[in-house]
4 protein chains.
Amino acid sequence: MPRPPGHGPGYEVKRQEIIDLAADLFARKGYAATSITELGDAADLAKGALYYYIGSKENLLVEIQSRVLTPLLSAARRIQALDEHPVLKLRLLSETLLELILRRTDHIWVYEHDYRHLTGDNLTRLLRQRKQFEKIVRSLLTDAMDCGAFRRMDPRLTMLQFLNLHNHTYQWVRPSGPWDARFLSREYCATLFAGFRTADYDVSGLEDELGAFRERYQDWTAMVPAAHA
Amino acid sequence: MPRPPGHGPGYEVKRQEIIDLAADLFARKGYAATSITELGDAADLAKGALYYYIGSKENLLVEIQSRVLTPLLSAARRIQALDEHPVLKLRLLSETLLELILRRTDHIWVYEHDYRHLTGDNLTRLLRQRKQFEKIVRSLLTDAMDCGAFRRMDPRLTMLQFLNLHNHTYQWVRPSGPWDARFLSREYCATLFAGFRTADYDVSGLEDELGAFRERYQDWTAMVPAAHA
Amino acid sequence: MPRPPGHGPGYEVKRQEIIDLAADLFARKGYAATSITELGDAADLAKGALYYYIGSKENLLVEIQSRVLTPLLSAARRIQALDEHPVLKLRLLSETLLELILRRTDHIWVYEHDYRHLTGDNLTRLLRQRKQFEKIVRSLLTDAMDCGAFRRMDPRLTMLQFLNLHNHTYQWVRPSGPWDARFLSREYCATLFAGFRTADYDVSGLEDELGAFRERYQDWTAMVPAAHA
Amino acid sequence: MPRPPGHGPGYEVKRQEIIDLAADLFARKGYAATSITELGDAADLAKGALYYYIGSKENLLVEIQSRVLTPLLSAARRIQALDEHPVLKLRLLSETLLELILRRTDHIWVYEHDYRHLTGDNLTRLLRQRKQFEKIVRSLLTDAMDCGAFRRMDPRLTMLQFLNLHNHTYQWVRPSGPWDARFLSREYCATLFAGFRTADYDVSGLEDELGAFRERYQDWTAMVPAAHA
DNA sequence: AATGAATGAGCATTCATTCAT
DNA sequence: GATGAATGAATGCTCATTCAT
């Protein structure tokens, strides 16, 4: 979404590269402690040229947040719209979320830490989108309660447990580590769903159902890759 | 641990008050984005006087980290040393951890976000202490596996699940909110232990055992209150 | 009017000296084209120390405008309150205005040129005060019409002629030049009042009346010298 | 006076349009506070293209000053060369000057405020031309004194009064306001000439003489319209 | 004729810290 | 114990200008 009019063909490409660099720096040093000069050094670009691409420092933060929330929200909506069992949908959402966390750990780091440096409308919009995502998670969990799979629990606390377990992963995960998104999702969901389920609901078939689902919808991915990624 | 020598009786008291203010500011705005001037305003102290108490900005960060890790580590060690069932000990640790998170949410916020601004020995020491805490959690979990209560799982991943679920709580919890540490601990442990347990192990008696434990050791608390708190 | 609390005894003195320097620089180069670095050089003060005194660049502009308008408005009000003939009052106001223009030519230069760089409330307040001054001039002129000394003319245009002739003086006047405020006022008023008077009103006695007034109120000055001047 | 060689037919037209835009911007925001980027936005031209037309920012200032001084000087010379009564010539010059001020208020604003940002020869040339104009005004005034119409007064101060009254008009005048150049000139000259005249000289016939002059030289205008206007 | 991209110096302002008093 | 005053480097950002295409 380029702002100033009249940019050449390479503009957007370079712009995205700069945002990549910014995400890496912000993740490692924190948004407030990263200077535009450092970013210029990393991009090998004088400050003037840098600003030609970025507009402002906060703008970079907006873009990074957007790179997290846009695919996350659209994936959540696609999953919610599926005609599948709620618990399977939660399993799909879990894996999608972990994919994002593993693939874009630096972005998640910024997303979790530095959203408070957004101001005005940028902050308002972000908080609204976060709430929307949480609402979808909560509705999937209440669906699972309504169909008898999960116990009656406080929907908000159940959602928070789900998100606590997933979101905090960014703090220690390494993409080069031993565990991938599929594995972590299976483990996390095994834990959560064992705790959430009713005595009547048998969770042991879930992974098979997931396999069958993948069979049916080959190459299904919840997350639509962003243009630049 | 006051550094400069030769201080009067009120020195340490005022020093701790300043750290309180710093924790609040750092939690709300981030360490890097909080200026010493702001802290001076909050403390109603000129900058010269402020430095008389704090030594340096990083020093404040060290103190805040220490206020989290010192009671946490000592509590974890006291729990580990108890002659009780490993699962009960995990339940006690969970509640202790959540007590700290709820009572000192601002400190936890700084602890989770800004430890990366520590430098040199301060950082090394912090990371060492964090590892020690994680090691204790891991050993309690392997104890629970060894005694047949929990399934054989990767000890590190099990610990990370335990900590993910607990630690991320600082992001949304409000001390004035509807849930206290005891309630959250019961819920979290219900979820985790249902997922971790073997088919043979019955988790339903845990809360009663906890009650009995508290009966035996009246007024037992894992966490030794810090001098200033 | 010092803003931040807790300043030493020399603070205000130095502050006023810096505003003096700023007025000189702004007058010679223009507000927008004068950099804070230049001011720091002139004041022999590092930028940090400079800001300790000035708060912001715009603040300097506010102070300079205030140094013009505060004495001007109070002088105009004191003159308006006199129980004298309106034409004599105009003659007194003329001389007072020219005294200010001659004594503080640099301030007037900034006042005339750079008020547009004020923003928000600062601008609003300035424009309000300017209007108040103009209103006093206009009322003195209509008083002179009402008592038959001046022809019936458009009050606003008459005021604008009065102010055009006086205010533009800053553009060419030199304090070291051949003419002082008293002389210029006599000349300007001779021109204006000859043009404004009715056939019946004889303007030739005015300077004698002024002498008599000065005899009566010895050491009378319309302008109360500012504390720092 | 286009500088770079080899330009197409539309070059000069567009160049003049850009100077128009610049005059408007400089008048409203001040020369130093107006950026070339803003001008580019206003002209809907990228910066490269802009520089193709303008050469440099200072060049624009030169052109604007020239647009004021060139017609003003030539008008003053044409008036001076007329075989008419000096007071009538002053009346003609007054109206011409006010016509320029009213028609090109933005240019006058820049002319009065920002000439000091000219450097080197540009500044020298401007000051020389200003002096030339002032000399013509002064000589018309001494002519009026020599023929007995005006009292003997300091020629320079008389000229400065004449110019003060006229020039300061730019500060408040609106082309859409109630007064046109002819009216303002009549009022200003009524004021000035009543103050300047000898007891023997009757100023009341001046406007009739002006009418007769206009009758004789139909469509006479002192100001030759600039090519682009 | 016109553009998009780049530069490097400069801008106003804030920073953590020091220190004589 | 505490202050007011000072520093100098760094902050995010804008500037007039250039130039290959």
Just to confirm, is there a sub-4.0 Å distance from OP1 or OP2 of E:dA6 to any side-chain nitrogen or oxygen of A:Lys14?
yes
D:Lys29 atom NZ is separated from F:dT14 atom P, nearest whole Å, by 12 Å
OP1 or OP2 of F:dG1 less than 4.0 angstrom from a side-chain nitrogen or oxygen of B:Tyr53, does that happen here?
no
For F:dA16 and D:Lys57 - does any side-chain N or O of the residue sit under 4.0 Å from the phosphate oxygens OP1/OP2?
yes
Toss me the dot-bracket line for DNA chain E: Watson-Crick and G-U wobble, both under 3.5 Å, 5' to 3', using | for pairs to another strand and [ ] for crossers.
.||||||||||||||||||||
Residues which pass side-chain hydrogen bond (donor to acceptor under 3.5 Å, both in side chains) with D:Glu58, listed by chain and number, not counting sequence neighbours:
D:Thr119, D:Asn122
Sorted by chain and number, sequence neighbours left out, side-chain hydrogen bond (donor to acceptor under 3.5 Å, both in side chains) with A:Ser56 holds for none
Which comes earlier along DNA chain E counting from the 5' end, the contact point of A:Ala49 or that of C:Ser56, where each point is its nearest nucleotide?
A:Ala49
dist B:Leu61:CG -> B:Thr34:OG1 (nearest 0.5 Å) comes out at 10.5 Å
N/O (side chain, C:Tyr52) to phosphate O (OP1/OP2, F:dA6) under 4.0 Å
no
Considering only F:dT7, F:dG4, F:dC13, which nucleotide approaches the side chain of A:Tyr51 most closely?
F:dC13
By nearest-nucleotide position on DNA chain E, the 5'-leaning member of A:Leu45 and B:Lys47 is A:Leu45
Whole-Å gap separating C1' (F:dT17) and CG (D:Asn59)
13 Å
By ring-ring contact (aromatic ring centres under 6.0 Å, His included), C:Tyr31 pairs with (sequence neighbours left out) C:Phe26, C:His117
C:Tyr11 has a side chain; which of F:dT3, F:dA5, E:dA5 sits nearest to it?
F:dA5
Taking the nucleotide of DNA chain F with the closest heavy atom to each, which residue, C:Asp44 or A:Gly55, is nearer the 5' end?
C:Asp44
Rounded to whole Å, the CD1-P distance (A:Ile54 to E:dA5) equals 15 Å
Does anything in residues 108-123 of chain B form a salt bridge (charged side-chain N to carboxylate O under 4.0 Å, His left out)? List the pairs, not counting sequence neighbours.
none
Applying the ring-ring contact (aromatic ring centres under 6.0 Å, His included) criterion to A:His113, which one of A:Trp109, A:Tyr115, A:Tyr111 satisfies it?
A:Trp109
Partners meeting side-chain hydrogen bond (donor to acceptor under 3.5 Å, both in side chains) with A:Thr124 (sequence neighbours left out):
none
Do any of residues 30-37 of chain B sit with a heavy atom less than 4.0 Å from DNA chain F, and if so which?
none
In short, salt bridge (charged side-chain N to carboxylate O under 4.0 Å, His left out) pairs touching residues 23-32 of chain B with sequence neighbours left out are B:Asp24-B:Arg28, B:Lys29-B:Glu38
Whole-Å gap separating P (F:dC13) and CD (A:Glu58):
9 Å
Partner set under side-chain hydrogen bond (donor to acceptor under 3.5 Å, both in side chains) for B:Lys14, not counting sequence neighbours:
none
